[in-house]
Amino acid sequence: MYKATIEVRLKPSVLDPQGNAVKGSLHTLGFEEVDSVRIGKTLEVWLKAADEQSAEEQVEAMCKKLLANPVIEQYSFRLEEGA
Amino acid sequence: MYKATIEVRLKPSVLDPQGNAVKGSLHTLGFEEVDSVRIGKTLEVWLKAADEQSAEEQVEAMCKKLLANPVIEQYSFRLEEGA
Amino acid sequence: MLPEQTTTVWEPSPEKIQAEGLYRDMGMTDEEFEQVIGHLGRLPNWTEVGIYSVMWSEHCSYKNSKPLLRRFPVEGPHVLQGPGEGAGALDIGNNQAVVFKVESHNHPTAVEPFQGAATGVGGIIRDVFSMGARPVALLNSLRFGTLDSPRVRYLFEQAVAGIAHYGNVVGIPTVGGEVEFDRRYEENPLVNAMCVGIVDHDKLQKGVASGIGNPVIYVGSSTGRDGIHGATFASEELGEDSEEKRPAVQAGDPFMEKLLLEACLELVEKGILIGIQDMGAAGLTCSSAEMAAKGGTGIEMDLDQVPQREKGMTPYEIMLSESQERMLLVVEEGRQDEVRQVLDKWNLPSAVVGRVTGDGRLRLRHGGEIVADIPVNTLVDDAPVYHREQREPAYYRENASARPEEALADQNPAQVLRKVLGSLNVASKRWVYQQYDHMVRTNTAVRPGSDAAVVMLEGTDKALAMCTDGNGRYVYLNPREGGAIAVAEAARNVVCSGARPLGITDCLNFGNPEKPEGFWQLAQAVEGMSEACRFLETPVVGGNVSLYNETRGEAILPTPVVGMVGLIESREHITTQDFRQEGDVLLLLGETRAELGGSVLEQVVTGELSGRPPRLDLEKEKKLQEAVLAAIRQGKVRSAHDLSSGGLAVALAESGFANGLGAEVELDTELAPALFLFSESQSRVLLSVDPQQAEAVQELIASHGIPCRPIGRVAGDRLQIQVNGQQVIDETVAALKAIWEGALPCAMNPSSTN
Amino acid sequence: MRFAVPVFPGSNCDVDCIKAVKEVLGQPVEAVWHQESDLDRFDAVILPGGFSYGDYLRTGALARFSPVMEGVQKAAEQGKLILGICNGFQVLLEAGLLPGAMRRNDHLQFRCSIQSLRVENNRLPFTLDYRAGEDIRFPIAHGEGNYYCDEETLSRLEANGQIVFRYTGENPNGSVADIAGICNERGNVLGLMPHPERAVLDWMGSEDGRRLFTSMLRYWEGKSDVA
Ligand SMILES: Nc1ncnc2c1ncn2[C@@H]1O[C@H](COP(=O)(O)OP(=O)(O)O)[C@@H](O)[C@H]1O
Ligand SMILES: [Mg+2]
């Protein structure tokens, strides 16, 4: 069993209204030192695979096909064995 | 300037409908080896702070106060300097 | 912290632009480039070429469709504002006006369905509140490929979610719309969104820049690199390289829109504004140029003052960005602070970015230098106009001899009724509209699911009825007839809910106008629509054109969409399609002929599209509508449903679903049962009336010269239909409803077993 | 009885709540801007539906830090009636005035429809005018109404009669124990996902919401008589 931790983020040029709103609230709460906030998704995917390479290929394919929207998002992931 | 990468996840005891839906879609797409999927948030917060310890304290406070809801979520974060 | 620059800036010199024909990449032709040189008296720089190319795109200039649009009747006793502003306005009495418009977001949706569809809704909302009106309802009209393709399911699901999300967050009810599926929309879906608003006459705003020296204020989201060249993009065919154009898609922020909406209406209430316009297609370029052109003035802007989301943006990028949720205001000099106070209260970024000038030029500064200097009228008034060639297509001639009616005559009515109700173009669209908040603002009296939606006019006894309608199959078979039918059906829907039709907005979704056959379709459709509008006294007060809806040379079905608004004089008149009482008499109004070209029956049985669509006699249509409205206003009608897709059989079934009521129907006809039951002859309506009133209603209808015959009564929980003494349909309403309700959820979730 | 309806940036049912109070009760009602923290002049507070702060981060999470929430907190402690509808319910959860948390609907779609509910507790200031166990119909309109609490909290809610409304028939969002609305232990703070203010006139599809408002007034009148 492998565990892939996939981070999906908005591309830097895409507006992140959610991040802006959270930044505003942090300022109101007194965290004035906050300069910017961007919010993305983390997906933890557990999967069976023969070996690390095959796991990596599968996760790459999932990201491409479903998990990230290449029009506005970019992704990266790391793999761990076991769990 | 510090960058905090904060991961906010649903507690393991809380059902994750979105994760389940993604798992279902992955199966439909032919990724039958996927065993489970959990979805969380990643927040990237850039902030000014005198030193690493003060940055850490601030981020800890933000998480407690606002960024995670302790009823259903847990959080962890890492800090980097620069950027 | 601003994100680092993501693209390297490389701006070619004016000489290079000319020598290498670089303007062509922006969609500008060689002749148009020559015209630009003529207007400027010199070579344009990169920014200027960009500005001309978006202003002269079809989306902004209507260069291909302008000569046709002049055919639309745009005047009438109620018209307060015709085409030309953000949206049209019609008088509805009590010093109030209804403001409405429909707009397409087809290409952005094909590329990024959620954001593409969502920002379409955002844009049309801004068009309406930039008139000073409070938006009270949203509608939409959707066309997608068939749902057996996973890609189409994805597009459809995401587009609906995007539309829902935007409207729900802003808090405007989405009360109606229509959806059709056809493989000809597979690669090029249509998303047309309509917004309806209400304003007091004296609060009606204009997008005009007047008063030399007055400040020009930018308000809303900061400007990023998203959506650059969206307007040009919307005016081109979708090709293989559309993937490359993906950065052209904008992301929306409905929360920002809500703040912008409330703040702008507060400014309108305070009477501070001289001019207001939203930054839609071609962003800052189009809004500033149009406001100046309408004011007969110029505008000078300092682009360094424009709030920016990314570092190092060039003048070209700032001017062409289509970042969402932005407005441009012109106010009287000296009142900036008052404006500022309101905008600050709503936490909205704003900045004075320029001044109104008297020299008729759009002049831009950046980093202290003048980076563009263009006579405004050459952008707006002198845009090229093309008179395209028309040619009647071969398929149209060939279809003259096709007789789908003959092939369909001996279909078994009971079997095809099930098929028709389960076909996605007839099936319940609940899966769609239950994702829309259709009740927020608590004025929705008729929710989605009837012929038209009804929204109460607060503080009066009146209400507005509204709907969207289009039928690409009829229009394909005969664009003129089909165009007229789209208007007539929309009006009939509104009449059936108790309203007098007031006027329309339209969106012309067609293929490439440079192809003579495509242009013929467009011209004919406009002709038919114009004729119907003139006849039914429903002027066209606004609209939108979306051409080049083609992929790899194959066009969509030509799809003009009509958004109709009608006025209900008293809430007592509000009528729905639902049967209400057992024993009520069913009256069929209008004539039924064997007309099945482009019908649902043809589609379901043969999968073909052939013959001619139903004929429309506008004289009869008008009389029918007057008759139905008179009966409703006399309080004699329990339910009214217009006969459209699927004809009488579908109308009978649908009318029973809400309250689980069946009907006993006996028909005498010379037509084969399937022809009579599924014919889509126009100008027909099904009424249910109190038996005590049946005779009076029959007389009333007959006095309008409209055939009216009793065909049975509302009864029990079965739909039973006899034709010439033979039982042809006998089904429980529950079973039919299950088919009708289950079809779309099932198509969207093909792997599920339930 | 004076009602306050706090308005957050992004609230969109504020006007509906004001209309309903006027329509059903004819009592004075005022919109209160979120920056204002003093609610002393009011007898009851209705936190309206909508998307306060865009519902960004979590529903209700950013609104709870508005100054007006200090006033709401105080009013709750004073035993005044606090009604949170839809987004208002979500704000009350985030503010800790009610236990539990909200998740996305289990089917992941926004859902707008008229839903059947059962009145589980009719001994509350908000439900006096309903019969115990009565079936009623309220509209819903939300994307995140999937109420969650842990087992222990759930049994406490059950034991104290804090579950006020439950969905009957289809559960439209996957909420724990079909919960549609809950109150605090004291019974003066109610949060529910359905919209009673959308069910107060005959043409709205249901008039069952009227009695929620009339209950509040009757309770308040009873209390003021005693005082
Ligand atoms: N995209 C949509 N959004 C909202 N409501 C819709 C949509 N599509 C269909 N509906 C609703 O479903 C009902 C039936 O639609 P339709 O079959 O197109 O009606 P008609 O044939 O009378 O024009 C209408 O009330 C319509 O408003
Ligand atoms: Mg109809």
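Just so it is clear: chains get the letters A, B, ... in the order the sequence lines come, proteins before strands, and each one is counted from 1. Atom set for the values below is all heavy atoms of this structure, side chains included, hydrogens, waters and symmetry mates excluded.
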* Winner by heavy-atom pair count (cut-off under 4.5 Å) against chain D, out of Leu261(C), Asn443(C), Val160(C) -> Asn443(C)
* Part of Glu458(C) within contact of chain D (heavy atom distance under 4.5 Å) -> side chain
* Asked: Of the listed residues (Arg430(C), Lys345(C), Met256(C)), which shares the most heavy-atom pairs with chain D below a 4.5 Å separation?
  -> Lys345(C)
* Only one of Val175(C), Ile163(C), Ile172(C) clears side chain to side chain contact (heavy atoms under 4.5 Å, CB included) with Tyr436(C); which? -> Ile163(C)
* Asked: Among Asp16(D), Ile140(D), Asp14(D), which has the most heavy-atom pairs under 4.5 Å with chain C?
  -> Asp16(D)
* To do: Just say parallel, tilted or perpendicular for the rings of Tyr56(D) and Phe255(C), cut-offs at 30° and 60°.
  => perpendicular
* To do: Go through the atoms of Val170(C) and report whether side chain, backbone, both or neither lie under 4.5 Å from a heavy atom of chain D.
  => backbone
* Structure fact -> Which of Ile182(D), Leu47(D), Asn87(D) passes side chain to side chain contact (heavy atoms under 4.5 Å, CB included) with Leu92(D)? Answer is Leu47(D)
* Structure fact -> Turns out that what part of Ala164(C) lies under 4.5 Å from chain D's heavy atoms comes down to neither
* Asked: Would the Trp33(D) and Trp346(C) ring centres measure less than 6.0 Å apart?
  -> yes
* To do: Check each atom of Asn347(C) against the heavy atoms of chain D and say whether the ones under 4.5 Å are side chain, backbone, both or neither.
  => neither
* To do: For this output row, return yes or no: ring centroids of Trp220(D) and Phe3(D) closer than 6.0 angstrom.
  => no
* Electrostatic pair Arg118(D)-Glu134(D), nearest N-O below 4.0 angstrom -> no
